[in-house]
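To start, the structure itself, in structure tokens.
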Amino acid sequence: MKDTHKHQGMRRQLAETVAAKGITDKKVLDAIRAIPRHLFLDSSFEDHAYVDKAFPIRAGQTISQPFTVAFQTELLQVGPNHKVLEIGTGSGYQTAVLLHLKAKVYTIERQQELFKKTNLFFERMGYRPKKVVFGDGYKGLPENAPFDSIIVTAGAPEVPRALLGQLKIGGRLVVPIGDDEQVMTLFVRKSEKEFEKKELGAFRFVPMLENKN
Ligand code: SAH
């Protein structure tokens, strides 16, 4: 598949749609305009790539809705060279958005099939996250902590405690919390032991599951 003027036009539209829904961060909107989302889907679903909707990928998982990606990314306040941990690599689209913001990205996926497929895709496309890990996001990545921010792209039944402990002071964790429906939740680490918590509206994600291997 190629990236054509038509795709670029559709992406400009998509960025406008996302902006109309409340996203104001210019760099995030730039990322939406820049990243060829259709290449993150199987070719038969190309037509769905620039609609502001989640879409099934493999293994019962989804590529998050562009608005949701933009909303979570805006909350992270990514700066150049920030160390960012992503839980739920999935299609890799969110990873690509973070890379576009010049973050150093560490990403974890628990579905082996997806992990392999997306890892190859990153290589083919020249996307260079620092690490793509097959493992359990509930554990985070202690060997690379602390992080400037952590984004969870699956619905967690409660806040994953290990992740809070892997934030820098001033660091931000964005995690959708809940079972059927999730509340987007932002934690900011104020000190070693204190976290500020904000709840930012309802979303729907596939569940964050433990990886028992
Ligand atoms: N960021 C992805 C969203 C994928 S959906 C994208 O842009 O496409 C959420 C992903 O989280 C799924 O791929 C799912 O397999 C993964 N996931 C669920 N629980 C997990 C866990 N405990 N650790 C790592 N990944 C997990």
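All ligand and atom numbering here is 1-based and tracks the order in the structure.
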Strictly by modelled atom types, are T107 and E86 linked by a side-chain donor-acceptor pair under 3.5 Å?
yes
Side-chain contact test, heavy atoms from C-beta onward, threshold under 4.5 Å: evaluate it for K197 versus V159 and give yes or no.
no
Below 4.0 Å from ligand 1: does a non-hydrogen atom of A59 turn up there or not?
no
Judged by non-hydrogen atoms, does T95 sit under 4.0 Å from ligand 1?
no
Evaluate [X] for polar contact with ligand 1, using N/O atom pairs at a separation under 3.5 Å.
{"X": "E210", "value": "no"}
{"X": "Q111", "value": "no"}
{"X": "V206", "value": "no"}
{"X": "L209", "value": "yes"}

What distance do Q77 atom CD and L101 atom CG have between them, rounded to the nearest 0.5 Å?
12.0 Å
Interatomic distance, CZ@R11 vs CG@D30, rounded to 0.5 Å, equals 12.0 Å
Tell me the nearest of G88, P207, G155 to atom 18 (C) of ligand 1, using heavy-atom distances.
P207
Out of Q72, R37, R110, Q94, whose heavy atom is nearest to atom 25 (N) of ligand 1?
R110
List ligand 1 atoms under 4.0 Å from [X], heavy atoms only on the residue side.
{"X": "E86", "result": "1 (N)"}
{"X": "L114", "result": "13 (O)"}
{"X": "S91", "result": "6 (C), 7 (O), 8 (O)"}
{"X": "M208", "result": "18 (C), 19 (N), 22 (N)"}
{"X": "I63", "result": "8 (O)"}
{"X": "T62", "result": "3 (C), 4 (C), 5 (S), 8 (O)"}
{"X": "S64", "result": "3 (C)"}
{"X": "G137", "result": "21 (C), 22 (N), 23 (N), 24 (C)"}

Is the ring pair [X]/[Y] parallel, tilted or perpendicular, if the boundaries are 30 and 60 degrees?
{"X": "F121", "Y": "Y127", "answer": "tilted"}
{"X": "Y106", "Y": "F147", "answer": "perpendicular"}
{"X": "F203", "Y": "F71", "answer": "tilted"}

For ligand 1, is any non-hydrogen atom under 4.0 Å from Q61's backbone (N, CA, C, O), its side chain (CB onward), both, or neither?
side chain
Below 3.5 Å, can you tabulate the donor-acceptor pairs from side chains in residues 180-188 to any protein atom, sequence neighbours excluded?
unit_1: Q182; atom_1: OE1; unit_2: F205; atom_2: N; d: 2.7
unit_1: Q182; atom_1: NE2; unit_2: G178; atom_2: O; d: 3.4
unit_1: Q182; atom_1: NE2; unit_2: D179; atom_2: O; d: 2.9
unit_1: T185; atom_1: OG1; unit_2: V183; atom_2: O; d: 2.8

The single option from I151, L173, L163 that satisfies side-chain contact (heavy atoms from CB on, under 4.5 Å) with I87 is L163
Under the 3.5 angstrom rule, does the side chain of R189 hit a backbone N or O of E192 as a donor-acceptor pair?
yes
Residues 58-67 side chain polar contacts: donor-acceptor under 3.5 Å, at least two apart:
unit_1: Q61; atom_1: NE2; unit_2: A59; atom_2: O; d: 3.2
unit_1: Q65; atom_1: NE2; unit_2: D52; atom_2: O; d: 3.2
unit_1: Q65; atom_1: NE2; unit_2: D52; atom_2: OD2; d: 3.2

